[in-house]
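In what follows, a single structure is set out as C-alpha cells and then discussed.
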Amino acid sequence: GAGVSQTPSNKVTEKGKYVELRCDPISGHTALYWYRQSLGQGPEFLIYFQGTGAADDSGLPNDRFFAVRPEGSVSTLKIQRTERGDSAVYLCASSLTGGQMNTEAFFGQGTRLTVV
Amino acid sequence: GESVGLHLPTLSVQEGDNSIINCAYSNSASDYFIWYKQESGKGPQFIIDIRSNMDKRQGQRVTVLLNKTVKHLSLQIAATQPGDSAVYFCAEKPRNTGNQFYFGTGTSLTVIP
C-alpha cells in the first residue's frame, strides 16, 4: 500500500479482555516499530522488528504485551488481560532499514484503544 | 531514560510569518533526528530528517538546524500556513541503542489567519 495501515482505528474493550492490533507496513520495509502514545505525550517505544524477529522488545511494559511478525510484513500487537491503564493510541511505523542504518520511519494513523 | 524536550509547549504565529520550533536533546550519542508533524487524530507525519554529520538541511518551506555543541535542534517553517497548525515532535535516535526513536512531548503550533 501507499502508507502504513493500522486496524482497527478504534477499539473499545472491557477490562481483562484480550485484544489484537494489526499493522500493515509499507511494502518492502524491513524495519517495523510499535509505539504507544498517551494524551498530550510523545510516542513511547514498545518494540522493534527487523524482518521476522523482534530485535528489541525493551519497551514492552510487561508480559501482558506481545507482538509478532511471522512473515516479515504484517505485525500484530497482542495485549492480554487488558487494564484501564493500557488505554492509549498504539502507533506502528516502518522504515526501509533499521538498526544502525538510519532511514526515515513512517507512521500509521494508529489504533485508539480504550479499556473500560 | 532519554530526555528530549521542547522549550515551548505552545506557539502561535500569524499566517505568513516564519515559525521556529526548538528542541533540546540530552544524549550526545544521538546521530539521527527527525521532525514529525501530528494533526489531531492522526499519526505522526514525517517532515524532515538530519544526520549528525550535518548542521543544516532544507526541505520544502522547512529547514532543520542541528547544533551538536549545545544539543539543540530547531525546525523553521517559512511562510506559515493554517494547514501547518499541529503538534510538532522532534525524535532522536541514539547511536548506542540502534533501534529506538525517543520523542519529546511536542510543541503545539497554532497559525492565526
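Letters A, B, ... are given to chains in the order of the sequence lines, protein chains preceding strands, and every chain is numbered from 1. Every heavy atom of this structure was used, including side-chain atoms; hydrogens, water molecules and symmetry mates were not.
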Margin query: Can you give me the closest heavy-atom contact between A/A105 and B/F101, atom names plus distance?
Written below: CB-CE1, 4.2 Å

Give a yes or no on whether [X] atom [atom1] has more than 12 heavy-atom contacts from other residues, nucleotides or ligands under 6.0 Å away.
{"X": "B/R57", "atom1": "CZ", "result": "yes"}
{"X": "B/Q76", "atom1": "CD", "result": "yes"}
{"X": "A/F66", "atom1": "CZ", "result": "no"}
{"X": "B/Q14", "atom1": "CD", "result": "yes"}

Quick one: does [X]'s side chain get under 4.5 Å of [Y]'s, heavy atoms only?
{"X": "B/F89", "Y": "A/Q41", "result": "no"}
{"X": "B/Y32", "Y": "A/E104", "result": "yes"}
{"X": "A/F45", "Y": "B/F103", "result": "no"}

Notebook entry, point to check: What part of A/S9 lies closer than 4.5 angstrom to a heavy atom of chain B: side chain, backbone, both or neither?
Noted result: neither

Margin query: Under 4.5 Å from any heavy atom of chain B, what part of A/Q6 do you find: side chain, backbone, both or neither?
Written below: neither

Next item on the list: Side chain from CB out, backbone as N, CA, C, O: work out which of these in B/Q38 comes under 4.5 Å of a heavy atom of chain A, or both, or neither.
Entry: side chain

Next item on the list: Consider only side-chain heavy atoms of I, L, V, M, F, W and Y, link residues closer than 4.5 Å, and tell whether A/I47 and A/F107 are in one cluster.
Entry: no

Next item on the list: Determine whether A/L46 and A/V89 fall in the same hydrophobic cluster, where Ile, Leu, Val, Met, Phe, Trp and Tyr are linked whenever their side-chain heavy atoms lie under 4.5 Å apart.
Entry: no

